[in-house]
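This report refers to the structure that appears directly beneath it.
All ligand and atom numbering here is 1-based and tracks the order in the structure. Small disclaimer: the values here were computed from a predicted structure and weren't measured. Side chains are part of it too, since the values below use all heavy atoms of this structure and drop only hydrogens, waters and symmetry mates.
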Amino acid sequence: MLVNAARQLDRSHHVHGQTNLRSHAEEGPAAMVVSGKGVRIVTDEGKSLIDGFSGLGCVSLGYDNARLVEAARRQMEVLPYAPTFYGRSHPKVAELAARLTGMAAVPFDKAMFQCSGSEANDAMIKFIWARNIARGTPQCRRFVSRWRGYYGNTVAAVSLSGQPHMHAGFGLPMDDFLKLSTPNWYLNAEAGESEEEFSARLAAEFRDCVETAGPETIAAFFAEPMQSGGGAIRPPRGYWEAMQEVIRNYDIHFHVDETVCGFGRTGHMWGAQAFDLTPDSTTCAKALTAAFFPMSAIMFKQDFFDDLMARSDETGVLGHGFTYAGHPVGAAVALEALDIYDEIDLVGHVRRVSEPFLSGLEALLEHPLVGDVRGIGLFCGLQLVEDKAARQVWDPALKVGQRVQDAAHARGLYLRAIPPDRISFMPPLIISEDEIAEATAILKAALDDVWTELRR
Ligand SMILES: Cc1ncc(COP(=O)(O)O)c(C=O)c1O
């Protein structure tokens, strides 16, 4: 098909999520990606770009991998589909459940599969409710999460998300989803407030929230180890220590969403290990299959499972499931991806290239546009500001972040600008040091382009 024809079909018939529908209807797709190799994507215009956002933070092994393709092909030949309802199973999903629980940040006993991060988080919300009903504490229904956090799009997961644009217009969030401040010290600290003082203030806010709602009503606290929603926000010093103290004091179920952080992004297999978190349950997705197949998982401990089992004794079954959950092709691809991660020591690689990645970006602090650079592993957020001393962001109407995104795109680097003018940079985990240097040079040139434009 002619590429222009594909653009026309897309404009006329394809509805895109997280997209301005009017711009798309008038201008067509922002980019039409036709192929990918290594860390690069190629557009219909023949333009090759380093993907500095790993698709959506998921393409851990880049865009070509013969082993993953072969694992999928083999599984499609042997058993292309099998349900996991009614106690039925297949070998690959059983093996994956054992493998994942065995390698988790804390010893988990059970894994359940879904197709996306949203479904996984939605399932977890339901199971926490089910558990509390089974334990005779049905009033324990409220979830606490953070503004700017992103946990998915399904009705409950989006209620957990702290993204106002995903609530407005849908009559959401549902009741019982409480929000805490984003741990963005650079932009949200009071004058003279240290990272530790800011962290203590946010933990006090958490405590107040629990006390006001009633500790007996708090079902769980959901969080990412490092928040990708809001633009790669590394937690400030002392944050997780202070927050986990509140969690422990009130005996709150702590669900850690590893959808982005899991499988090496932070230079640790799990984000929980990077920040010393002790989850009661967890979500993983995205890099579980290196994004070659839609698959996610939740994991929890035996005692949690026992409560669900007690409920299922009463009702006959666990009344929940998805047709494609535990898909054999997804399970085969995930098992192969996990083998590859081990064999190429992906976590070790991320640690090795993290130093040049972060130090190259930190050098951009010299640039007049860059106020803050904060990251870990291959996961970094850059805050663009108008006034560094006052930490004053630009007038949103100037769309400074979007301009940097566009300038980088024109020069061969795909990045994401997230309001207010935050650049989120998380390349595929296999990226080499040379490719990091190339991407950083492009970003620097894009910043120069926009700075010249703004001065004009
Ligand atoms: C932390 C986190 N949780 C959940 C989700 C939702 O995942 P999905 O888009 O696969 O539904 C995302 C998506 O980016 C995410 O970043």
For S118, which part has a heavy atom under 4.0 Å from ligand 1: side chain, backbone, both, or neither?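 Both backbone and side chain.
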Going by the order shown, which atoms of ligand 1 are within less than 4.0 Å of some heavy atom of [X]?
X	result
E224	1 (C)
S228	16 (O)
N121	3 (N), 4 (C)
S116	10 (O), 11 (O)

Side chains of [X] and [Y]: is there a donor and an acceptor less than 3.5 Å apart?
X	Y	result
E435	S432	yes
R265	S60	no
H255	T283	yes

Mutual orientation of the aromatic rings belonging to F300 and F305 [parallel < 30°, tilted 30-60°, perpendicular > 60°]: parallel
Please state whether the rings of W270 and F263 are parallel, tilted or perpendicular, taking 30° and 60° as the class boundaries. tilted
Using a plain distance cutoff, I'd like to know if Y150 has any nitrogen or oxygen under 3.5 Å from a nitrogen or oxygen of ligand 1.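 N/O-N/O distance below 3.5 Å exists for this pair.
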Does the N or O separation between K286 and ligand 1 drop below 3.5 Å for any pair? yes
What are the two closest heavy atoms between Y151 and A223, and how far apart are they? OH-CA, 3.6 Å
In terms of residue, atom name and distance, what is the protein heavy atom nearest to [atom]?
atom	result
atom 16 (O) of ligand 1	V260 CG2, 3.3 Å
atom 3 (N) of ligand 1	D257 OD2, 2.7 Å
atom 8 (P) of ligand 1	G117 N, 3.4 Å

Taking the six-membered ring for Trp and the single ring otherwise, decide whether the centroids of F275 and H268 are under 6.0 Å apart. no
